[in-house]
Amino acid sequence: MKSYTIKTNGGDIVGAAQGFLKSLLTSGVISAVLVPQEVTAKTNFVPTLVTDPEMLGAANPFAPVNGLNAARLVANLSRDLPEKVGVVLRSCEVRALVELVKLKQAELDNLVIIGVDCIGTFAPKDYAQMVKAGQVDAKSWASQAADGSNPTEESLRRACTVCTYPEPTNTDIVIGWLGMNGNLLVNAKDDLDLSGVTGLGQGSAPDSRVKVLEKLVNERAQAKAAAISEFRKSVDSMDKLADVLATCIKCQNCRQACPICFCRECVSAGPIFDHNGEKYMQYAKRKGAIELPTDTVLFHLTRVNHMGLSCVGCGQCENACPMDIPVGLMFQALTLPVQERFEYEPGRDMEEPLPLTTYKEHEFPELNTGKH
Amino acid sequence: MAVAKNVLQQLGVAEERLWLRFISASQGAYFGEVIKEMTNKLKELGPNPLRNNWEI
């Protein structure tokens with residue numbers, strides 16, 4: 001790994017990052033870059049695919065808002081991609097992308113993954129309000145939050161407050177701003193030729209960065225353990241789970257927002273869940289009364305079983321829920337023990353095989369309690 | 001199976017309600033035995049308490 005620093009002009013971190021991305025384009029390292037840009041109304045940032053270096057004026061890879069997990073977009077972009085494209089992603093997006101690569105939904109061949117530091121984002125609706133009220137300034141966010149703390153009064157998305165991955169891994173390039181005292185750190189893989197890129201000075205991660213990252217990871221790990229144990233108590237019986245999911249209208253927004261749920265034909269939209277009059281009457285007669293729509297709990301349990309092992313905890317499901325059900329936390333609480341049981345951490349390693357696609361002759365013998 | 005069992009356990013579903021037995025096509029007698037065993041166990045456990053819950 002090669003390390004560089006970019007000295008900023010009077011602390012203009014966003015300007016320095018734009019300059020770096022622009023130089024990646026003009027020097028030919030990449031032909032295009034996928035990067036969040038501020039919308040004209042300034043109330044949101046959306047991913048844009050930029051080929052013209054002059055059209056990066058509103059780009060800000062550090063803005064504290066992301067309305068979607070861009071991994072799914074990148075997966076679509078990556079298939080049959082004819083040229084090198086840099087994709088600027090946060091840790092949760094890179095980790096989801098790693099899972100999508102393993103699920104054969106994305107190809108890395110022409111992707112240059114550019115990871116950026118992140119201490120968390122605001123829900124888009126909160127962010128828009130904050131912009132209108134003048135409570136947040138996307139341009140100075142990376143300077144104000146460089147010590148790892150949220151400089152505003154508003155809470156970050158819940159998933160972010162328990163995220164232990166401020167610095168992304170499995171990237172070709174990392175652009176770091178945490179603990180960098182107003183400058184930028186660029187870590188690049190050795191096989192990436194950045195000799196034509198301007199503005200890169202020698203330098204590596206200072207102690208201040210190491211400390212900020214360490215502190216964040218520790219604090220977040222504690223917060224995560226506390227949130228999960230509290231939530232677990234609230235769902236330790238099916239009745240209590242039904243209580244948590246009581247307001248679910250089965251809109252399936254959580255599935256739509258999930259970067260891992262890539263299936264074009266989800267089982268929950270297929271014939272298994274698509275009942276007719278005869279079936280409804282059969283259910284109703286058997287139980288005396290049934291709730292409609294049916295299978296809300298089953299829908300969530302099916303999702304846990306299908307993508308739980310690859311759930312990276314990005315929390316976009318929770319943001320997409322119109323009923324404010326803590327689905328993200330529910331998934332984390334239900335899937336962590338499963339991930340631990342398989343000693344699998346989603347997004348950790350490109351090479352680590354997916355547990356459910358690996359056959360081992362002798363595994364979990366305790367589950368088969370009959371004769372062999 | 002490991003995933004389903006783990007998830008249901010956390011949600012307070014009795015573990016003995018979910019079974020896994022490996023039975024090959026040539027083990028007809030063993031298949032019969034297991035079904036008998038399962039039927040007896042089910043009679044002992046009684047109906048699933050969740051069945052009366054119209055919400056699930």
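This is a predicted model, so every value here is computed, not measured. Order of the sequence lines sets the chain letters (A, B, ...), proteins ahead of strands, with each chain counted from 1.
- Only the side chain of A/Leu241 comes within less than 4.5 Å of a heavy atom of chain B; its backbone N, CA, C and O stay farther away.
- There is no contact between A/Ala284 and chain B, counting heavy-atom distances below 4.5 Å.
- Within a 6.0 Å sphere centred on NZ of A/Lys104, other residues, nucleotides and ligands contribute 12 heavy atoms or fewer.
- Of the atoms belonging to A/Leu292, not a single heavy atom falls under 4.5 Å from chain B.
- When side chains are defined from C-beta on, A/Leu301 counts as touching B/Leu11, because their heavy atoms get closer than 4.5 Å.
- Inter-residue side-chain proximity for B/Gln10 and A/Asp236 is flagged as unmet; no heavy-atom pair is nearer than 4.5 Å.
- Around CE of A/Met281, the count of heavy atoms belonging to other residues, nucleotides or ligands within 6.0 Å does not exceed 12.
- More than 12 heavy atoms of other residues, nucleotides or ligands sit less than 6.0 Å from atom CG of B/Leu42.
- Under the side-chain contact (heavy atoms from CB on, under 4.5 Å) criterion, A/Ile249 pairs with A/Cys251, A/Pro322, A/Met323, not counting sequence neighbours.
- Rounding to the nearest 0.5 angstrom, the gap separating the CG atom in A/Asn305 from the NZ atom in B/Lys5 is 13.0 Å.
- Both the backbone and the side chain of B/Val3 come within contact range of chain A, each with at least one heavy atom under 4.5 Å from a heavy atom of that chain.
- Note that the CZ atom of A/Phe342 and the CG atom of B/Asn6 stand 8.5 Å from one another [nearest 0.5 Å].
- Within 6.0 Å of CZ on A/Phe364 lie more than 12 heavy atoms contributed by other residues, nucleotides or ligands.
- Annotation: A/Glu230, atom CD; neighbour count of heavy atoms from other residues, nucleotides and ligands within 6.0 Å does not exceed 12.
- Looking at A/Tyr283, neither its backbone nor its side chain comes within 4.5 Å of chain B, counting heavy atoms on both sides.
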